[in-house]
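Okay, structure first, notes after.
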Amino acid sequence: MAGRLIYLIGPSGSGKDSLLDAARSRLAERGCRIVRRVITRSAEAVGEAAQGVSPEQFAALLAQGAFALSWQANGLSYGIPREIDDWLAAGEDVLVNGSRAHLAQTRERYPGMGVLLLTVDHTLLRQRLIARGRESLEDIEDRLARNARFTAQMIAGNDAGLYVLDNSGALEDTVEHLLSVLLKIQCGRGLAPDGGGTVA
Ligand SMILES: Nc1ncnc2c1ncn2[C@@H]1O[C@H](COP(=O)(O)OP(=O)(O)O)[C@@H](O)[C@H]1O
Ligand SMILES: O=P(O)(O)OC[C@H]1O[C@H](OP(=O)(O)OP(=O)(O)O)[C@H](O)[C@@H]1O
């Protein structure tokens, strides 16, 4: 049986990368893979969760058909490697750090996907973006302005198959919530949180 794409979205700074990092080993135990994104961001600023490339390298990869999904936002280009289609075909579930603006196009390609929306209190979001120190204050304001267009509208839209995870509290709590939502939507091998049983 084909695997399921799980599309994790949320404002820049809501904690998508932190959550995927913190849940990495437990997701692997459940047979759920996390894909490494390709981003036109400097290599120092991408870390384990992404590969930094130049705009020219990105364009070449795109032209070669290296990406299953790609989009532009925040002045950057983002690509999701095509290998996710091999994983899905092999029955593995795949978690992708995605874009809210690209949701409709992603759903067209993966109609059965699950969508997880990570939220965080607005004041905390600003504080966390500033504390992360990756962008300039001007870029942070642009990212906060971009958010205003999305989150409320998505929740109010009661989008089918959308699960909301709030990350305003401790990251460990959000990890537990993520794993319980994945169980609910029967992502991965259906192992219970203690590794014991299976989902009915
Ligand atoms: N639950 C949390 N509590 C406190 N700080 C957090 C929490 N989740 C993430 N952070 C911090 O917030 C900042 C943004 O998180 P990050 O994972 O980079 O977000 P995103 O990938 O969505 O842009 C990082 O500095 C991270 O360490
Ligand atoms: O359409 P949006 O939902 O606004 O998303 C646009 C992009 O911004 C985020 O990446 P970003 O470079 O900000 O990385 P981050 O999430 O690690 O901050 C997100 O992961 C998307 O790739």
Side-chain angles (χ1 to χ4, degrees), residues 5-24 27 34-55 58 61-62 67-81 84 94-108 113 115-155 157 159 162-179 181:
L5 185 79
I6 305 293
Y7 195 61
L8 176 67
I9 51 178
S12 182
S14 57
K16 300 181 295 299
D17 279 329
S18 304
L19 178 61
L20 293 180
D21 261 358
R24 190 171 293 275
L27 289 169
I34 301 174
V35 70
R36 195 160 179 248
R37 301 189 293 176
V38 175
I39 308 182
T40 55
R41 187 187 273 152
S42 73
E44 305 77 62
V46 288
E48 193 190 338
Q51 178 191 356
V53 296
S54 69
F58 190 95
L61 288 167
L62 186 63
F67 301 132
L69 297 165
S70 65
W71 58 85
Q72 293 189 309
N74 307 320
L76 301 169
S77 298
Y78 299 81
I80 302 297
I84 67 166
V94 181
L95 246 157
V96 167
N97 180 345
S99 154
R100 294 163 295 175
H102 205 70
L103 176 61
Q105 293 95 316
T106 305
R107 189 174 268 132
E108 242 170 62
M113 73 177 180
V115 183
L116 306 181
L117 175 66
L118 196 61
T119 60
V120 67
D121 168 85
H122 187 76
T123 309
L124 275 177
L125 179 61
R126 181 184 296 270
Q127 288 168 1
R128 287 184 189 172
L129 282 169
I130 292 169
R132 181 170 68 179
R134 195 178 69 193
E135 290 86 18
S136 66
L137 284 178
E138 194 186 348
D139 282 353
I140 287 174
E141 289 309 323
D142 286 348
R143 280 164 188 253
L144 289 168
R146 181 176 171 87
N147 294 335
R149 304 212 314 267
F150 291 110
T151 304
Q153 164 189 331
M154 291 184 74
I155 294 173
D159 201 344
L162 175 80
Y163 288 82
V164 180
L165 297 177
D166 186 62
N167 187 34
S168 303
L171 187 58
E172 302 76 60
D173 293 344
T174 314
V175 170
E176 296 305 326
H177 193 183
L178 168 70
L179 295 170
V181 168

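Indexing begins at 1, ligand by ligand and atom by atom, following the structure's order. What's counted below: heavy atoms across the whole structure, side chains too, no hydrogens, waters or symmetry copies.
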**Prompt:** Can you tell me how far CD1 of Ile34 sits from CG of Leu27, rounded to the nearest 0.5 angstrom?
**Reply:**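 Those atoms lie 5.0 Å apart.
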**Asked** So, Asn167 and Ser14: side-chain donor and acceptor under 3.5 Å apart, yes or no?
**Response** no
**Shortest reach to atom 15 (O) of ligand 1 by a heavy atom, considering only Ala131, Ser18, Ser14** =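 Looking at heavy atoms only, the winner is Ser18.
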**Message:** Which option wins on minimum heavy-atom distance to atom 13 (O) of ligand 2: Gln72, Arg37, Arg143?
**Reply:** Arg143
[atom]: which protein heavy atom is closest, and how many Å away?
{"atom": "atom 8 (O) of ligand 2", "answer": "Asn74 ND2, 3.1 Å"}
{"atom": "atom 10 (O) of ligand 2", "answer": "Tyr78 OH, 3.3 Å"}
{"atom": "atom 17 (O) of ligand 2", "answer": "Asp17 OD2, 2.9 Å"}
{"atom": "atom 11 (C) of ligand 1", "answer": "Arg128 CD, 4.2 Å"}
{"atom": "atom 15 (P) of ligand 2", "answer": "Arg134 NH2, 3.6 Å"}
{"atom": "atom 19 (O) of ligand 1", "answer": "Gly15 N, 3.0 Å"}
{"atom": "atom 8 (N) of ligand 1", "answer": "Asn167 ND2, 3.0 Å"}
{"atom": "atom 14 (O) of ligand 2", "answer": "Arg41 NH2, 3.3 Å"}

Does [X] come within less than 4.0 angstrom of ligand 1, counting non-hydrogen atoms of the residue?
{"X": "Pro11", "answer": "yes"}
{"X": "Gly169", "answer": "yes"}
{"X": "Gly10", "answer": "no"}
{"X": "Ala170", "answer": "yes"}

Is [X] in polar range of ligand 2, meaning some N or O pair under 3.5 Å apart?
{"X": "His102", "result": "no"}
{"X": "Gly98", "result": "yes"}
{"X": "Gly10", "result": "no"}

**Asked** Should Arg134 be counted as touching ligand 1, given the test is an N or O pair under 3.5 Å?
**Response** no
**Numbering as shown, the atoms of ligand 1 that approach Lys16 to under 4.0 Å (heavy-atom distance)** = 17 (O), 19 (O), 20 (P), 21 (O), 22 (O), 23 (O)
**Message:** By the definition side chain to side chain contact (heavy atoms under 4.5 Å, CB included), identify the one residue from Leu116, Val96, Val115, Asn97 that meets it with Ile9.
**Reply:**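 Answer to the side chain to side chain contact (heavy atoms under 4.5 Å, CB included) test with Ile9 among Leu116, Val96, Val115, Asn97: Val115.
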**Request:** Give me the one residue out of Val35, Thr106, Val38 that meets side chain to side chain contact (heavy atoms under 4.5 Å, CB included) with Ile80.
**Result:**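 For Ile80, the side chain to side chain contact (heavy atoms under 4.5 Å, CB included) check succeeds only for Val35.
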**Asked** Can you find a non-hydrogen atom of Glu135 under 4.0 Å from ligand 2?
**Response** no
